[in-house]
Amino acid sequence: MLSNSAFVLLLNQSNKDIEKITEALEISPEQLNYVIDSPSGTGLLRFGKKIVPFDNTVEKGSELYNLYNTNMYEKMEKVKFKERK
């Protein structure tokens, strides 16, 4: 299924999936650095045969970070903080 997709977005991947992903998408070892133990907001985009690394990190506390943040632990802490007030 992955090899037939024209567009693939890869974020941090588990070690057990890396071998299969590398084989299916023809990703080089250098490119794997963007999806193995990578920070939030970084990854790889694949368009056809082109693979492009990206870094779209957003500064914590900024309006964009607060809007797009999906870290449930941070969201729970924010709710707890509001409840204490």
Side-chain angles (χ1 to χ4, degrees):
M1 187 163 104
L2 283 176
S3 60
N4 291 333
S5 299
F7 170 81
V8 176
L9 173 72
L10 292 173
L11 301 172
N12 197 13
Q13 300 293 313
S14 69
N15 288 333
K16 66 180 182 177
D17 296 331
I18 289 299
E19 185 177 323
K20 291 178 183 176
I21 290 171
T22 303
E23 186 180 307
L25 300 178
E26 301 175 9
I27 297 173
S28 72
E30 293 81 19
Q31 292 167 326
L32 285 176
N33 290 328
Y34 289 90
V35 292
I36 298 176
D37 294 326
S38 58
S40 296
T42 62
L44 292 173
L45 292 171
R46 181 174 181 253
F47 300 97
K49 294 286 183 183
K50 304 287 184 195
I51 299 174
V52 180
F54 70 89
D55 182 344
N56 193 33
T57 54
V58 178
E59 185 178 330
K60 278 191 174 187
S62 69
E63 287 185 46
L64 277 178
Y65 183 85
N66 294 332
L67 182 63
Y68 294 120
N69 182 18
T70 59
N71 184 319
M72 72 174 194
Y73 300 108
E74 288 181 13
K75 289 184 172 281
M76 288 170 38
E77 191 61 36
K78 195 172 188 178
V79 169
K80 287 180 186 177
F81 180 76
K82 284 182 179 180
E83 290 174 353
R84 284 186 232 145
K85 284 187 170 186

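Not measured: the values here are computed from a predicted model.
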Side-chain donor/acceptor of E74 to backbone N/O of N71, under 3.5 Å: no
Flag, side chain of K75 to backbone of N69, donor-acceptor distance under 3.5 Å: yes
Under 3.5 Å: donor-acceptor pair, side chain of T42, backbone of S38: no
Distance-only side-chain donor-acceptor flag, E63 / Y68, under 3.5 Å: no
Polar side-chain atom of E26 near backbone of A24 as donor-acceptor pair, under 3.5 Å: no
Y73 atom OH, over 12 foreign heavy atoms within 6.0 Å: no
For the student: nearest non-hydrogen atoms of K60 and Y65, plus distance: CE-OH, 3.3 Å
Verdict with supporting geometry, I36 and I18, side-chain contact (heavy atoms from CB on, under 4.5 Å): CA-CA 8 Å; I36 298 176; I18 289 299; 3.7 Å; yes
Nearest-0.5 Å distance that lies between atom CG in L25 and atom NZ in K20: 13.5 Å
Short side-chain to backbone donor-acceptor contact, N15 and D17, under 3.5 Å: no
Short side-chain donor-acceptor distance under 3.5 Å, S28 and Q31: yes
Verify same cluster id: I27, F7 (apolar side-chain graph, 4.5 Å): no
Residue pair L64 / E59, side-chain heavy-atom distance below 4.5 Å: no
N56 side chain to G41 backbone, donor-acceptor under 3.5 Å: no
side-chain contact (heavy atoms from CB on, under 4.5 Å) between F47 and V8, intermediate numbers included: CA-CA 7 Å; F47 300 97; V8 176; over 6 Å; no
Distance in Å, K50 NZ paired with L44 CG, rounded so as to fall on 0.5 Å steps: 15.0 Å
Option among L32, I51, I21 that satisfies the side chain to side chain contact (heavy atoms under 4.5 Å, CB included) test with L10: I21
Rounded distance (nearest 0.5 Å) linking atom CG of L11 with atom CG of L9: 4.5 Å
